[in-house]
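For the numbers below, each heavy atom of this structure counts, side chains included, while hydrogens, waters and symmetry mates do not. A, B, ... follow the sequence lines: proteins, then strands. Residue 1 opens every chain. Please read these numbers as outputs of a predicted model, since none were measured by experiment.
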Number of protein chains: 2
Amino acid sequence: MTDARSIADSHPDTVRPATRDVILDAAERVVSREGSGRLTIDAVVRESGFSKGGVLYNFPSKQALIEGMVSRLILQAQEDCDCALEQATATGANPVATLIHVILAFKRTHRDVAMAVLAAASESPELLDPVRAMMARIRNDIIANAPDPVMARIALLAADGLHLADLLGLDMITPDEQEAVEARLIQLVSEPSPK
Amino acid sequence: MTDARSIADSHPDTVRPATRDVILDAAERVVSREGSGRLTIDAVVRESGFSKGGVLYNFPSKQALIEGMVSRLILQAQEDCDCALEQATATGANPVATLIHVILAFKRTHRDVAMAVLAAASESPELLDPVRAMMARIRNDIIANAPDPVMARIALLAADGLHLADLLGLDMITPDEQEAVEARLIQLVSEPSPK
DNA sequence: AAATGCAAACCGACCAGACGGTATAGATGC
DNA sequence: GCATCTATACCGTCTGGTCGGTTTGCATTT
């Protein structure tokens, strides 16, 4: 009864017009517009056009709603990664470089959602557990299999640094500089270590 | 009247027992113990031993209190950086490497406070403006003057990545790995670019 | 040096509003 | 008519902030 439809959406869009997704979209809009501290149920109600009852029917609590946002984000990220990596192994491209691309692309596309996740995390860190698990799963073997694991790790860290700094509004890098950094990162993980 | 003692404390510890600092300490303790979402005025009141009136006398609003936390943190960071860099130029050490060390040391020492700042930022991003300004001031010329600016930027980004991931509880790096990364970063910014 | 005056510092009860959540009634499709 | 949703009114709590009053440090007066 608590989860009339279970947490993971079973019927993506068939009969159900994906009410949950509409609500999640609204929540994302609220966060990106007013900041993650202003993510309140009433705000989502206002933004989504649904009533409070409707929202709370689909997400029985605020925590559930945030979990919904997080899990949708993770799903998206995992798809991005898996898809890109699959393509990379098919074409023989460098997996580390591929992952860097994915991270930076993700940064550009899902900035707002990631912010929400971040905010949620600061309040209840356990919400980040699945995120951490996903990151570990994807990265560890890539790093381990890289010709220069330390360098691979550094490159991924730098990409993360770029991403996170951007999320926090801390990055003051120009697009040109960022392009240079990106190119250099790819180069660093592509050639075998000089040492 | 609004700032009977002005914002920057004039008398560090002489006559005035630095009430503001006592309150800020309490706020930091609250955040590090209960998480940044639980940073409430009443919690600070309980933790500090002052009354609500007393706390709100020194920081007229919660926002002011958070600003106080941020500005004290910035002051600390700036001191750390300036001191280390001064020493570096005196001994001829690599400034980029020095800054990396400072970033990572800061991560270890002020983890809790930085978390609070981060959390505060996600609610009202403008609170991070001074942080951004400080980072820009210190970094830009270092990067510009480095023999390999792009590499320097990458190294600093990686250090940031490490720091931020840790703050968010996202990092799953072992101490050994971290040491390796650190050493390699130093090495990367120490030798002239191979290309 | 004791008394006086005054403002800065501090106290704690109180309030208004926001927020998360519930209860219950109404709509809609099968 | 039953299950699945959606809408509205409402409640209890928590929290930021106010306000009148009390204490404390300190200079001035006598």
One character per nucleotide, please: for nucleotides 15-21 of chain D, 5' to 3', B when the base has a protein heavy atom closer than 4.0 Å, S when only the sugar-phosphate does, - otherwise. SBBB---
Enumerate the salt bridge (Lys or Arg N to Asp or Glu O under 4.0 Å) contacts for residues 154-169 of chain B, please, sequence neighbours excluded, ordered by first and then second residue. B:Arg111-B:Asp166, B:Arg139-B:Asp160
Kindly say if A:Thr19 contacts the phosphate of D:dT6, meaning a side-chain N or O under 4.0 Å from OP1 or OP2. yes
Answer yes or no: does a side-chain N or O of B:Tyr57 lie under 4.0 Å from OP1 or OP2 of C:dA9? yes
So, taking the atom named CD in B:Glu67 and the one named OG in B:Ser61, what distance separates them when rounded to the nearest 0.5 Å? 7.0 Å
Could you tell me how far apart B:Ile23 (CD1) and C:dA9 (P) are, to the nearest whole angstrom? 11 Å
Salt bridge (Lys or Arg N to Asp or Glu O under 4.0 Å): which pairs involve residues 46-61 of chain A, sequence neighbours left out? A:Arg29-A:Glu47, A:Arg33-A:Glu47, A:Asp42-A:Lys52
In whole Å, I'd like the distance from the CZ atom of A:Phe50 to the P atom of D:dT4. 18 Å
For D:dT6 and A:Asn58 - does any side-chain N or O of the residue sit under 4.0 Å from the phosphate oxygens OP1/OP2? yes
Is there any salt bridge (Lys or Arg N to Asp or Glu O under 4.0 Å) pair reaching into residues 76-94 of chain A, and which pairs are they, with sequence neighbours excluded? A:Asp82-A:Arg137
Applying side-chain contact (heavy atoms from CB on, under 4.5 Å), name anything that partners A:His163, two or more places apart in sequence or on another chain. A:Ile103, A:Phe106, A:Lys107, A:Ala114, A:Leu167
Residue pairs passing the ring-ring contact (aromatic ring centres under 6.0 Å, His included) test where at least one lies in residues 63-103 of chain B, sequence neighbours excluded: none
